[in-house]
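Each remark here refers to the structure printed beneath this line.
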Amino acid sequence: MPDEEIHAIRIHLDRVLAERGMTLTELSAQVGITVVNLSVLKNGRAKAIRFSTLSRICDVLQCQPGDLITHDPAQPH
(Lines give C-alpha, C1' and ligand atoms only; values in the text may rest on other atoms or scores of the structure.)
Protein backbone atom coordinates (compact mmCIF):
# COMPACT_ATOMS: atom_id res chain seq x y z
CA MET A 1 0.00 0.00 0.00
CA PRO A 2 1.51 3.37 -0.98
CA ASP A 3 2.29 5.94 1.71
CA GLU A 4 0.08 8.51 0.00
CA GLU A 5 -3.53 7.42 -0.41
CA ILE A 6 -5.50 8.52 -3.44
CA HIS A 7 -8.36 10.87 -2.58
CA ALA A 8 -10.48 13.53 -4.24
CA ILE A 9 -10.47 16.15 -1.47
CA ARG A 10 -9.20 19.59 -2.46
CA ILE A 11 -8.01 22.23 0.00
CA HIS A 12 -8.48 25.88 -0.96
CA LEU A 13 -6.67 27.53 1.93
CA ASP A 14 -4.35 29.45 -0.40
CA ARG A 15 -7.30 31.01 -2.24
CA VAL A 16 -9.13 31.98 0.96
CA LEU A 17 -5.94 33.46 2.44
CA ALA A 18 -5.41 35.53 -0.73
CA GLU A 19 -9.03 36.73 -0.62
CA ARG A 20 -8.51 37.84 2.99
CA GLY A 21 -5.10 39.40 2.32
CA MET A 22 -3.60 37.18 5.02
CA THR A 23 -0.37 35.20 5.07
CA LEU A 24 0.09 31.67 6.35
CA THR A 25 2.27 33.10 9.13
CA GLU A 26 -0.49 35.47 10.24
CA LEU A 27 -3.04 32.65 10.20
CA SER A 28 -0.67 30.45 12.18
CA ALA A 29 -0.29 33.08 14.90
CA GLN A 30 -4.05 33.67 15.17
CA VAL A 31 -5.07 30.00 15.06
CA GLY A 32 -2.25 28.65 17.23
CA ILE A 33 -1.03 26.04 14.73
CA THR A 34 2.49 25.88 13.34
CA VAL A 35 3.20 27.27 9.90
CA VAL A 36 4.56 23.84 8.94
CA ASN A 37 1.27 22.10 9.82
CA LEU A 38 -0.77 24.74 8.00
CA SER A 39 1.53 24.40 5.00
CA VAL A 40 0.92 20.63 4.93
CA LEU A 41 -2.83 21.34 4.92
CA LYS A 42 -2.55 24.11 2.31
CA ASN A 43 -0.55 21.92 -0.04
CA GLY A 44 -3.03 19.05 0.16
CA ARG A 45 -0.66 16.68 1.96
CA ALA A 46 -2.65 16.46 5.20
CA LYS A 47 -4.24 13.09 5.91
CA ALA A 48 -6.72 14.49 8.44
CA ILE A 49 -7.84 17.66 10.18
CA ARG A 50 -9.42 17.94 13.61
CA PHE A 51 -12.79 19.65 13.75
CA SER A 52 -11.41 21.95 16.47
CA THR A 53 -8.62 23.04 14.10
CA LEU A 54 -11.03 23.52 11.22
CA SER A 55 -13.31 25.55 13.50
CA ARG A 56 -10.46 27.86 14.56
CA ILE A 57 -9.38 28.37 10.95
CA CYS A 58 -12.96 29.17 9.94
CA ASP A 59 -13.33 31.58 12.88
CA VAL A 60 -10.18 33.49 11.95
CA LEU A 61 -10.89 33.52 8.21
CA GLN A 62 -14.62 34.16 8.74
CA CYS A 63 -15.57 31.38 6.35
CA GLN A 64 -17.36 28.06 6.20
CA PRO A 65 -15.65 24.64 5.96
CA GLY A 66 -16.97 24.34 2.40
CA ASP A 67 -14.97 27.45 1.46
CA LEU A 68 -11.80 25.58 2.43
CA ILE A 69 -12.54 21.98 1.45
CA THR A 70 -14.26 20.48 -1.58
CA HIS A 71 -14.67 17.00 -3.02
CA ASP A 72 -13.72 16.58 -6.68
CA PRO A 73 -14.06 12.92 -7.72
CA ALA A 74 -13.08 13.79 -11.29
CA GLN A 75 -9.58 14.78 -10.11
CA PRO A 76 -8.21 12.18 -7.68
CA HIS A 77 -4.92 13.23 -6.10
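Contacts classified as salt bridge (Lys or Arg N to Asp or Glu O under 4.0 Å) and involving residues 16-40 (residues at least two apart or in different chains) are given here: Arg15-Glu19.
Leu61 and Val40 fall into different hydrophobic clusters, where Ile, Leu, Val, Met, Phe, Trp and Tyr are joined by side-chain heavy atoms under 4.5 Å apart, directly or via other members.
At least one donor-acceptor pair under 3.5 Å links the side chain of Asn43 to the backbone N or O of Ser39.
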Which pairs of donor and acceptor atoms, one on a side chain in residues 52-60, lie under 3.5 Å apart (sequence neighbours left out)?
from  : atom 1 : to    : atom 2 : distance (Å)
Ser55 : OG     : Phe51 : O      : 2.9
Arg56 : NE     : Val31 : O      : 3.1

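When the side-chain hydrogen bond (donor to acceptor under 3.5 Å, both in side chains) test is applied to Thr25, no partner is found at least two apart in sequence or on another chain.
Contact annotation: the side chain of Thr34 approaches that of Asn37 to within less than 4.5 Å [non-hydrogen atoms, C-beta and beyond]. With contacts defined as side-chain heavy-atom distances shorter than 4.5 Å, the pair Ile11/Ile49 does not qualify. Asp67 places none of its side-chain heavy atoms less than 4.5 Å from the side chain of His12.
How far NZ of Lys42 is from CG of Leu27: 11.0 Å, rounded to the nearest 0.5 Å. Taking CD1 from Ile33 and CG from Leu24, the interatomic distance works out to 10.0 Å, rounded to the nearest 0.5 Å. With rounding to the nearest 0.5 angstrom, the CE atom of Met22 is 10.0 Å from the CG atom of Leu13.
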